[in-house]
Amino acid sequence: IRRTAVAPGEDYETIRTRVYRDGFALMSETLAALATGRLRPADAKPQGDGEFHRPPTSEDFAAMHAKLAAGAYRSDPERSE
């Protein structure tokens, strides 16, 4: 699992940009692993269709930052760390 760091007070655009950049780095590493045989398409888990989420409102974003600061978010028990 890859985690993207989020600092208290960061705005949506900063976090979203970091998520995109981290995604591009992960994609590059994944393609390199596929090219060298360290990873095979059969190793991947099916992910389904996914979901679209609109950007959060300022109020939603403030609530998310408060939860992050309080340590209220937990890892998904279905995923390995």
Subject >> side chain to side chain contact (heavy atoms under 4.5 Å, CB included) evaluation trace for His53 with Glu51 >> reply: CA-CA 6 Å; His53 298 277; Glu51 300 175 25; 3.4 Å; yes

Subject >> Partners passing side-chain contact (heavy atoms from CB on, under 4.5 Å) against Ser58 (at least two apart in sequence or in another chain) >> reply: none

Subject >> Shortest non-hydrogen contact between Asp60 and Pro56, atoms and distance >> reply: CB-CB, 3.8 Å

Subject >> Path from Phe24 to Leu34 over hydrophobic side-chain contacts below 4.5 Å >> reply: yes

**OP:** Verify the neighbour count for atom OH of Tyr12: are there more than 12 heavy atoms of other residues, nucleotides or ligands below 6.0 Å?
**Re:** yes

**OP:** Could you list the residues that satisfy side chain to side chain donor-acceptor pair (under 3.5 Å) with Arg21, not counting sequence neighbours?
**Re:** none

Subject >> Residue pairs passing the salt bridge (Lys or Arg N to Asp or Glu O under 4.0 Å) test where at least one lies in residues 10-20, sequence neighbours excluded >> reply: Glu10-Arg18

Original post:
For Leu26, what residues pass the side-chain contact (heavy atoms from CB on, under 4.5 Å) criterion, not counting sequence neighbours?
Top reply: Arg2, Thr30

Original post:
So how far is it from Met27 CE to Asp22 CG, rounded to the nearest 0.5 Å?
Top reply: 12.5 Å

**OP:** Applying salt bridge (charged side-chain N to carboxylate O under 4.0 Å, His left out), name anything that partners Arg40, two or more places apart in sequence or on another chain.
**Re:** Asp43

Original post:
For Ala62, which residues count as a side-chain contact (heavy atoms from CB on, under 4.5 Å) partner, sequence neighbours excluded?
Top reply: none

